[in-house]
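What follows is a short report on a single structure.
One is the number of the first residue; the rest follow in order along the sequence.
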Amino acid sequence: MDTRALRWFQLVADGVTVTEVSELERTAQSAVSRALARLEAEVGTPLLRRSGRTLRMTHAGVAFKHHVDALMHELDDGLAAVHQLVDPETGTVTLSVQPSLGAWLVPDVVGSFRVGHPEVRFDLRPKRDELVTTVQSRAEIDLELSTLRPRDPSVRWQRLTSEPLRLIVAARHPLASRSAVELAEVAEQAFVAVRRTSLLRHQCDELCARAGFSPDIAFECDDLPTLRGFVATGLGIAIVPAPRGSAAGARNEPLRYLRITDGGAAREVGMAWSADRRLLPAAELFRSHVAERAAAGLLPGVAPGS
């Protein structure tokens with residue numbers, strides 16, 4: 001059904017003459033009349049009847065008009081929603097985030113972006129399984145920030161920064177006064193670790209294996225804040241990303257961060273997006289912002305003392 005004919009029917013039904021409709025729409029009067037006639041043929045019954053110089057609705061027209069008004073209202077709302085979506089200054093960016101990056105990377109890139117683009121909205125989705133990318137050609141995710149480097153050729157990936165790993169111990173631990181450590185030195189100690197669906201867990205296991213031992217996992221935690229709490233109370237030691245943005249290892253802190261001298265004690269942080277589908281303008285604008293901020297070295301650095 002021709003949406004123009006429906007809009008013209010609305011106008012005529014509301015008392016606007018065919019001549020006035022043609023002038024408003026800058027089209028021939030005969031074109032408006034033919035469009036209304038085609039609409040009536042599609043509906044299967046007359047919708048308008050002539051009364052002097054104007055057209056009035058028939059009973060069928062009154063019934064039809066009620067639904068046309070609702071339909072066109074929904075259509076206009078839909079068009080407005082699409083316009084808002086594709087406008088780079090008012091669109092929505094759907095961002096998948098590895099939880100461990102939520103405390104420093106995400107606030108930095110989103111906050112700095114919103115300074116220049118305050119109307120852009122963000123739909124943040126935490127990654128449940130860090131071993132699998134959430135970016136796919138048919139997925140609703142625009143961009144992913146994580147430490148996973150996808151091997152799928154349909155996924156593009158850009159390195160943003162490197163995140164050093166540290167060994168954390170309680171403030172009263174015998175190693176607390178040290179600034180650095182070899183992992184072989186702690187082979188006999190109990191570890192606190194995140195679960196196996198975490199990339200960090202896999203990297204910790206690999207680092208320990210290269211140091212010649214398999215870590216004794218005393219506790220498994222779902223997230224890094226819980227893990228740090230367990231270590232702070234002396235329930236074990238752990239390998240975690242170095243903190244960003246604020247001081248670490250101060251005298252009143254319950255944890256000490258020790259530099260790991262073993263090779264490979266760092267992880268890459270990157271941004272991924274689908275190569276098979278075009279990013280909407282707002283998402284592309286944000287992708288460029290993140291890439292430029294990383295290239296300029298403006299991402300938060302490792303905290304002093306960690």
Side-chain angles (χ1 to χ4, degrees), residues 3 73-164 197-200 203 224 241-242 244-245 266-302:
T3 55
H73 178 73
E74 290 294 327
L75 177 61
D76 289 339
D77 281 353
L79 292 173
V82 171
H83 176 73
Q84 185 180 45
L85 185 68
V86 300
D87 185 338
E89 296 301 334
T90 59
T92 298
V93 180
T94 304
L95 185 63
S96 177
V97 179
Q98 186 170 314
S100 62
L101 305 179
W104 65 275
L105 178 60
V106 179
D108 177 82
V109 294
V110 172
S112 57
F113 179 79
R114 288 288 297 274
V115 170
H117 310 280
E119 300 301 319
V120 174
R121 295 179 177 272
F122 284 84
D123 182 2
L124 302 180
R125 310 282 184 89
K127 287 191 67 175
R128 302 302 179 189
D129 187 346
E130 296 180 8
L131 305 180
V132 180
T133 182
T134 56
V135 176
Q136 297 172 347
S137 60
R138 295 185 180 180
E140 57 186 1
I141 301 298
D142 293 318
L143 298 160
E144 176 181 280
L145 298 176
S146 76
T147 56
L148 174 68
R149 185 169 187 167
R151 297 180 180 179
D152 187 342
S154 68
V155 177
R156 291 178 179 170
W157 183 86
Q158 181 173 355
R159 181 187 179 278
L160 299 178
T161 187
S162 178
E163 192 171 33
T197 54
S198 167
L199 281 167
L200 179 61
Q203 191 167 9
L224 289 177
R244 300 264 179 164
R267 61 180 188 173
E268 290 188 321
V269 178
M271 174 171 57
W273 65 97
S274 173
D276 293 338
R277 66 183 180 92
R278 182 180 177 183
L279 289 174
L280 290 173
E284 176 59 31
L285 200 62
F286 179 67
R287 187 199 67 77
S288 298
H289 170 80
V290 175
E292 291 169 5
R293 193 165 179 80
L298 296 176
L299 298 179
V302 175

Closest non-hydrogen atom pair, [X] against [Y]:
X	Y	value
Trp157	Gly270	NE1-CA, 3.6 Å
Arg244	Ser162	NH2-O, 2.8 Å
Gly116	Glu89	O-OE1, 4.2 Å
Ala275	Pro153	CB-O, 4.5 Å
Ala282	Phe113	O-CZ, 4.3 Å

A side-chain contact here means heavy atoms from C-beta on lying under 4.5 Å apart; do [X] and [Y] qualify?
X	Y	value
Asp123	Arg121	no
Val135	Ser96	no
Leu279	Val93	no
Asp152	Thr133	no
Glu140	Arg125	yes
Phe286	Val120	no
Val109	Met271	no
Leu224	Pro241	yes

What's the separation between atom [atom1] in [X] and atom [atom2] in [Y], rounded to the nearest 0.5 Å?
X	Y	atom1	atom2	answer
His73	Leu75	NE2	CG	11.0 Å
Leu299	Ser112	CG	OG	8.5 Å
Thr197	Arg128	OG1	CZ	11.0 Å

Looking at Val110, Thr92, Val106, Val97, which one forms a side-chain contact (heavy atoms from CB on, under 4.5 Å) with Phe122? Val110

Between Thr147 and Gln98, do the side chains contain an N or O donor and an N or O acceptor separated by less than 3.5 Å? yes

Test side chain to side chain contact (heavy atoms under 4.5 Å, CB included) on Glu130 and Ser146; report intermediate values, then the result. CA-CA 8 Å; Glu130 296 180 8; Ser146 76; over 6 Å; no

List for me each residue that meets salt bridge (Lys or Arg N to Asp or Glu O under 4.0 Å) alongside Arg149, sequence neighbours excluded, and say none if there are none. Glu268

Could you walk me through whether Leu105 and Leu145 satisfy the side chain to side chain contact (heavy atoms under 4.5 Å, CB included) test, starting with their C-alpha distance in whole Å, then the side-chain angles of each, then the deciding distance to 0.1 Å, before giving a yes or no? CA-CA 9 Å; Leu105 178 60; Leu145 298 176; 4.3 Å; yes

Whether the side chain of [X] engages the backbone of [Y] through a donor-acceptor N/O pair (distance < 3.5 Å, no angle test) should be reported.
X	Y	answer
Asp142	Thr94	yes
Gln203	Ala266	yes
Glu144	Thr134	yes

Taking salt bridge (charged side-chain N to carboxylate O under 4.0 Å, His left out) as the cut-off, I'd like each qualifying pair that reaches into residues 286-297, sequence neighbours left out, listed once. Asp108-Arg293, Glu284-Arg287

